[in-house]
J.: 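I have a structure here, written as structure tokens, and I will follow up with some questions on it.
FYI, side chains are in, hydrogens and waters are out, and symmetry mates aren't considered; it's all heavy atoms of this structure. Along the sequence shown, residues are numbered consecutively beginning with 1.
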Amino acid sequence: MVILYTFINEEKHQYFLDRYLNSFPESFRQDILKYRRWQDAQLSLLGRVLLQLGLKSHFHIDEAQIMRSPDNKPYLKDQHVHFNISHSKELVVCAIAEFPIGIDVEFIDHTINYRDFQFQMTEDEFHQIDRSEDQIGDFFSYWTQKESVMKAHGGGMMIPLDSFEIVNGECEIDCKKFFTKEIFIDKNYQTCIASDDKNIKNVVPFLITLEI
């Protein structure tokens, strides 16, 4: 398993477009050019660049076609590996593994009011965060665990956040168990991976930061 990550850079935006954009299908190129904010365009582009580089350098896959499941989860056609991409603020991450994977990264915003999200939590989850000595840290830990599980499941936002509860890094959705593992990338961001493969709890991801 490998996790690749990088930070966006406004000064390099045109360079990234010139270097990487033409290596992707026309439909993806058009999607990138539709973004009004350079941040959104670069996050989306670099997510695919990380995937492309990770597949080639660690899984010896030079070309891969991205498809969508009925639940709109992206996957690689006719390949034995799985991937997931996430980004927040200035950080973009891509996880690639031999088993189904979900990853979520969130910028730790200390101005957020976690009580605004109480309706999306179970009662136990809210009380645990509310009683914590690090309420913001625990809130983002809760959030990234939930999001990574939903991405690993494939149901996305169709799954209500308060419909399942993660206890000791484990939960169950639709009679299937999922497991989570927190990953440290940067002190300003919270990151979590999830899978229905229990071995994820013992995996030590190979972290790669790219200066691209």
J.: State, without any angle test, whether S148 and D104 hold a side-chain donor-acceptor pair at a distance under 3.5 Å.
T.: no

J.: Indicate whether the side chain of T111 and that of D109 have a donor and an acceptor atom separated by less than 3.5 Å.
T.: yes

J.: Please work out which of the three classes, parallel, tilted or perpendicular, describes the rings of H80 and F59, given edges at 30° and 60°.
T.: perpendicular

J.: Identify the two heavy atoms, one from Q42 and one from N9, that lie closest to each other, and give their separation to 0.1 Å.
T.: OE1-N, 2.6 Å

J.: How close do F99 and S195 get, heavy atom to heavy atom, and via which atoms?
T.: CD1-OG, 3.4 Å

J.: State whether the side chain of S44 and the backbone N or O of I32 hold a donor-acceptor pair below 3.5 Å, judged by distance alone.
T.: no

J.: Angle class for the F206/H58 ring planes (parallel below 30°, perpendicular above 60°, tilted otherwise)?
T.: perpendicular

J.: Taking everything shown except R68 itself, do over 12 heavy atoms lie less than 6.0 Å from its CZ?
T.: yes

J.: Quick one about D124 and Q128 (side-chain donor to acceptor, distance below 3.5 Å, no hydrogens or angles considered), yes or no?
T.: no

J.: Does atom CD of E63 have more than 12 heavy-atom neighbours, drawn from other residues, nucleotides or ligands, at distances under 6.0 Å?
T.: no

J.: What orientation do F16 and Y20 show, parallel under 30°, tilted 30 to 60°, or perpendicular over 60°?
T.: tilted

J.: Can you classify the ring geometry of F139 versus F117 as parallel (below 30°), tilted (30 to 60°) or perpendicular (above 60°)?
T.: tilted

J.: Of K177, K198, K181, which meets salt bridge (Lys or Arg N to Asp or Glu O under 4.0 Å) against E170?
T.: K177

J.: In terms of side-chain geometry, is the basic nitrogen of K89 or E106 positioned less than 4.0 Å from the acidic oxygen of its partner?
T.: no

J.: If you count the non-hydrogen atoms of other residues, nucleotides and ligands that lie under 6.0 Å from CG in N168, is the total more than 12?
T.: no

J.: Applying side chain to side chain contact (heavy atoms under 4.5 Å, CB included) to L161 and M121, what does each step give before you reach the verdict?
T.: CA-CA 6 Å; L161 282 168; M121 306 177 193; over 6 Å; no

J.: Verify the distance criterion only: is there a donor paired with an acceptor across the side chains of S141 and E182 at less than 3.5 Å?
T.: yes

J.: Between F178 and H153, is the ring pair (Phe, Tyr, Trp, His ring centres under 6.0 Å) condition met? List the steps.
T.: CA-CA 8 Å; F178 289 87; H153 176 278; 5.7 Å; yes

J.: Using a strict cut-off of less than 4.0 Å between a Lys/Arg side-chain nitrogen and an Asp/Glu carboxylate oxygen, indicate whether R115 and D130 qualify as a salt bridge.
T.: yes

